[in-house]
Amino acid sequence: MHTVSISHVAQHVGEEVKIKGWVYNKRSSGSLFFLIIRDGTGFIQAIVAKDEVSDKDFQGCDGLTQESSLVVCGVIKADKRAPGGYELLVTRIRPLQIAEEYPVSLKKHGVDFLMDQRHLWLRTPRQAAILRIRHEIISGIRDFFDNRGFILIDAPILTPSSCEGTTTLFSTDYFDSTAYLSQSGQLYMEAAAMALGKVYCFGPTFRAEKSKTRRHLTEFWMVEPEMAWVDLDGNMELQEELVSHTVQRVLEERKKDLETIQRDIGRLKDIKPPFPRISYDEAVECLNKNGVQFEWGNDFGGGDETVLAEQFELPVFVHRYPSNIKAFYMKPDPVRPEICLSADLLAPEGYGEIIGGGQRIDDLETIMRRIKEHSLPEEAYTWYTDLRRYGSVPHSGFGLGIERAVAWICGLDHIRETIPFPRLMNRIYP
RNA sequence: UCCCUGGUAGCUCAAUGGCAGAGCAACCGGCUGUUAACCGGUGGGUUGUAGGUUCGAAUCCUACCCAGGGAGCCA
């Protein structure tokens, strides 16, 4: 008798099979037990009838508790009364371990409790569905780049100093000096792009900011492509293709999981290029027209981003921000040096910035001036400025926040559910 | 760091100055098609912590701790 996964039971109707899993729920009715069994791929109702199994097996069912592990044998049958449409008529049942009283019940729980039980919370249908969608998003992104000739380059996680010199970094002891956990692989990707043309990194990112909002984690994952010979327009084109490809892939491959989490997929279906593009100037005008007091030169807050995104059905690019609210390496606009060739992509439905990127400064004099203006330690950036000494070319790139993308595509109201074990300002357990 | 809200049984909540309560979970019993099954029964409490006001505090006051939401900062 061979083991089948619950997701494949439809192909085994009438056969006697083995299922290895856990008890999700149990109901009994005198001489019948209804066990809802899960195996990580799905859920199936198992019927244990007194007349169909040994007395020992039947009595054993009485002691089964929520999340007990077991191996059951039985015949797959289609039945309208069963949740999912199929059920298992049990012939043999072997408990492996009887679970202790399980903390996470099928009833309602509060966030604090669930976060403390995150290792067990992952077993619930909703959390498992989100993690499968996260996997699909990640694999969709990797396939997108791999199929377009990008080379995966792993950026270092331990770094000697800040990449951008602004945000708060986590520090750690590094022999007799201090190292910092990476907040971006971008500068290293610029070096790699000059070696290999089109590259990307995909790794964790760390920010020690004391942010307590539904959009922030202290540890999150980011994909950062970087391309030689590509300008701002080419950069935005790649972004809209990447985002559309990823959304369509999830719609095709994870329909069932989207149903499980009750995501309204109406607006996701239309996510296809081209995305609207507005300049920072136009965005400021748009905010003022919508009753938001906003002054040219400031950066957008969460609320401002939502107002802007609400004007469009699709994700929207906001490009050409003032240079002094962006990172030091953003290339100034040749006709208006006070603004730069940067672009952020704002997701619809209030999910905010999911991509930040732009064209980089490729001129040695300009990059040296910007490093001085930002009071960055010049020696630490020698390798970076070397890229402008030895065959500099126009180049662009961006960073896509995986968790924010997952939150948007899944329609979640908090980023903490998008990652298996979230790290927040005041939470590092489990 | 600042602002707002909250903390009562394992979990989710009620009790607003006067006997500490319910549903679920656990345990015992019943039921041959249940759908977060249902029905009957049992056990379960330092009301976040420390002070204070009061004849009397879960309830009012002060400080602290913890959590949630937001601001700033950011993807």
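Letters A, B, ... are given to chains in the order of the sequence lines, protein chains preceding strands, and every chain is numbered from 1.
Judged by distance alone with a 3.5 Å cut-off, no donor-acceptor contact links the side chain of Ser105(A) to the base of C24(B).
Of the candidates C31(B), A26(B), U34(B), A26(B) carries the atom nearest the Glu101(A) side chain, counting heavy atoms from C-beta on. For Glu87(A), whose side chain is taken as the heavy atoms from C-beta onward, the closest listed nucleotide among G68(B), U1(B), G33(B) is G33(B). Minimum atom distance to the side chain of Asn25(A) is reached by A36(B), of the listed A67(B), C73(B), A36(B). For Ile47(A), whose side chain is taken as the heavy atoms from C-beta onward, the closest listed nucleotide among C74(B), G68(B), G33(B) is G33(B). Considering only the side chain of His109(A), U12(B) comes nearest among C74(B), G69(B), U12(B). When distances run from any side-chain atom of Thr213(A) to the nucleotides A67(B), G72(B), G33(B), the shortest one goes to G72(B). Closest to the side chain of Gln45(A), out of U34(B), G72(B), G69(B), is U34(B). The side chain of Lys107(A) sits closest to C24(B) out of C24(B), G68(B), G33(B). Of the candidates A71(B), G68(B), G33(B), the closest approach to any side-chain atom of Arg215(A) belongs to A71(B). The nucleotide whose nearest atom lies closest to any side-chain atom of Arg416(A) is, among G69(B), U32(B), C24(B), G69(B).
Phosphate contact (OP1/OP2 of U1(B), side-chain N/O of Lys210(A), threshold under 4.0 Å): present. Contact annotation: Asn426(A) does not reach the phosphate of C66(B) (side-chain N/O to OP1 or OP2, under 4.0 Å).
Nucleotide G6(B) holds its C1' atom 18 Å from the CZ atom of Phe113(A), rounded to whole Å. Spacing between atom CG of Asn298(A) and atom P of C74(B) amounts to 12 Å, rounded to whole angstrom units. The nearest whole Å value for the distance from the CD atom in Glu305(A) to the P atom in G70(B) is 14 Å. Protein atom CG of Leu106(A) is 12 Å distant from nucleotide atom P of C38(B), rounded to whole Å. When the C1' atom of C74(B) is taken as reference, atom CD1 of Ile402(A) falls 17 Å away, rounded to whole Å. Look at CD1 on Ile415(A): it is 15 Å from P on G68(B), rounded to the nearest Å. If you measure from atom NE2 of His216(A) to atom P of G72(B), you get 10 Å, rounded to the nearest angstrom.
Pairing of A50(B), defined by two Watson-Crick or G-U wobble distances under 3.5 Å, is identified with U62(B). The base-pairing partner of C24(B), taking Watson-Crick or G-U wobble contacts with both distances under 3.5 Å, is G10(B). Searching all strands for a Watson-Crick or G-U wobble partner of C74(B) with both distances below 3.5 Å returns nothing. Pair check for U5(B) finds A67(B); Watson-Crick or G-U wobble, both atom distances under 3.5 Å.
When only modelled atom types and interatomic distance are considered, Glu226(A) and Gln186(A) share no side-chain donor-acceptor pair under 3.5 Å. If you check the side chains of Arg370(A) and Ser323(A), you find no donor sitting under 3.5 Å from an acceptor. Tyr384(A) and Glu190(A) share a side-chain donor-acceptor pair at under 3.5 Å.
For Cys286(A) against Leu308(A), the heavy-atom pair with the smallest separation is SG-CD2, 3.9 Å.
Salt bridge Arg148(A)/Asp143(A): absent, no basic N to carboxylate O contact under 4.0 Å. Note on Asp344(A) versus Lys326(A): salt bridge recorded, some NZ/NE/NH1/NH2 to OD/OE distance being below 4.0 Å.
When the C1' atom is used for both C24(B) and A9(B), the distance is 12 Å, rounded to whole Å. Rounded to whole Å, the separation between the C1' atoms of A25(B) and G17(B) comes to 33 Å. Separating the C1' atom of G6(B) from that of A58(B) is a span of 14 Å, rounded to the nearest Å.
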